[in-house]
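Order of appearance sets the numbers: ligands from 1, and atoms from 1 within every ligand. Quick caveat: nothing in here was measured; it's all calculated off a predicted structure.
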Amino acid sequence: MIQRRLLTTIRRMTEEAKRLAGCAAVDNHVKNNQALGIGSGSTIVHAVNRLAERVKQENLNIVCVPTSFQARQLILQNGLVLSDLDRHPELDVAIDGADEVDSELNLIKGGGGCLAQEKIVAGCAKSFIVIADYRKDSKNFGEQWKKGVPIEVIPMAYVPVIKALQSRFGGVAELRMAVSKAGPVVTDNGNFLLDWKFDKVHEWKAVNTEIKMIPGVVDTGLFINMAERVYFGMEDGTVKIRDKPVH
Ligand SMILES: O=C(CO)[C@H](O)[C@H](O)COP(=O)(O)O
């Protein structure tokens, strides 16, 4: 009973932390006449709610490019203007969640399986802003996020890619299985997902490039040197801002 209450309290606190991060990012980065990239996951829901509120209150002229089927639904359900990269290949800001953020502001993304479109959209934005709760804040990858690096692969290549990953970089790579469907998770692009559980801290920029060179790999959940700023919603109700370090 006490344990259940504690779990409910933690869940509520985490949700509030996500909300605070999402609102802060929208309030600080969204201006009139912008084209925005809309990320995927549970944290972005709060950002889109806040965006819809501001668009209504301030009569803003905003178009939104989604990173997934979920993001598209969110945009439509909130009465926002849906666009795409054909019409808006240059975005002012992209806002998205993350599974883990390291001290250099590199990210692991793709826990929700949308990494390929998320990376394309983030790459089209002048500013890529990340929103996350306090559990995502790490010095090195793997400290907080234990599910590995998601990697999207062409279905016919999943076994050779698993073999290549394990022999070149160690660790264990597994095909992500669906929960309410028999068989594997299929991405919005019709591909499979691998979760590569690495067993050491790597030089992530080089590893990302090498993984992308394996035939059959569509993209990785490693977002290296892409995020400009991260908003962390904290347990105490504050928001911590972290900018990309200047070296
Ligand atoms: O990369 C993602 C989906 O592919 C999400 O942004 C990431 O998994 C974070 O999700 P959440 O906000 O639910 O913690």
Side-chain angles (χ1 to χ4, degrees), residues 10-26 36-51 64-75 91 93-102 105-123 125 128-138 141-153 176 178-179 184-197 204 208 217-224 226-235 239-240 242:
I10 291 173
R11 238 177 256 141
R12 228 182 267 141
M13 217 157 63
T14 310
E15 215 45 49
E16 178 59 9
K18 292 179 188 189
R19 193 187 68 78
L20 290 170
C23 290
V26 168
L36 303 180
I38 301 295
S40 309
S42 56
T43 315
I44 195 70
V45 173
H46 298 287
V48 174
N49 289 342
R50 177 65 187 143
L51 177 63
C64 298
V65 174
T67 55
S68 62
F69 179 85
Q70 180 225 357
R72 184 178 184 278
Q73 296 298 93
L74 260 181
I75 292 164
L91 303 170
V93 183
I95 302 178
D96 203 345
D99 298 304
E100 193 166 31
V101 182
D102 79 3
L105 247 60
N106 296 317
L107 318 172
I108 293 181
K109 286 185 51 54
C114 312
L115 60 98
Q117 291 188 36
E118 288 173 337
K119 203 182 271 187
I120 294 168
V121 169
F128 177 38
I129 304 299
V130 174
I131 50 179
D133 63 74
Y134 51 92
R135 301 169 306 166
K136 316 291 183 69
D137 189 2
S138 280
F141 285 157
E143 280 172 13
Q144 305 281 357
W145 178 250
K146 306 293 180 193
K147 296 183 181 172
V149 176
I151 298 169
E152 183 160 341
V153 294
R176 194 184 295 182
V179 178
V185 167
V186 178
T187 69
D188 288 354
N189 312 307
N191 296 317
F192 288 173
L193 282 169
L194 303 179
D195 289 298
W196 170 48
K197 295 189 178 82
W204 294 111
N208 182 48
V217 169
V218 175
D219 217 324
T220 80
L222 292 166
F223 284 49
I224 309 298
M226 293 184 78
E228 176 182 307
R229 171 175 281 191
V230 180
Y231 288 85
F232 291 106
M234 304 305 289
E235 286 161 292
V239 175
K240 183 167 95 183
R242 187 125 58 77

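The protein non-hydrogen atom at the shortest distance from atom 13 (O) of ligand 1 is Ser42 OG, 2.5 Å. Closest to atom 2 (C) of ligand 1 among all protein heavy atoms lies Glu118 OE2, 3.3 Å. Among protein heavy atoms, the minimum distance from atom 4 (O) of ligand 1 is reached at Cys114 N, 3.0 Å. Nearest protein neighbour of atom 12 (O) of ligand 1, counting heavy atoms only, is Thr43 OG1, 2.6 Å. When only non-hydrogen protein atoms are considered, atom 5 (C) of ligand 1 lies nearest to Ser40 O, 3.3 Å.
By the 6.0 Å and 45° rule, Lys136 does not stack over the aromatic ring of Phe232.
Salt-bridge annotation for Arg12 and Glu15: absent, with no side-chain N of the basic residue lying under 4.0 Å from a carboxylate O of the acidic one.
Only the backbone of Ala98 comes within 4.0 Å of ligand 1, counting heavy atoms alone; no side-chain atom from C-beta on gets that close. For Ile44, no heavy-atom contact with ligand 1 is shorter than 4.0 Å.
For a threshold of 3.5 Å applied to N or O pairs, the pair formed by Lys136 and ligand 1 contains at least one separation below that value.
Ligand 1 lies within reach of Gly113, whose nearest heavy atom is under 4.0 Å from it.
With no hydrogens or angles considered, a side-chain donor-acceptor pair links Thr220 and Asn208 at under 3.5 Å.
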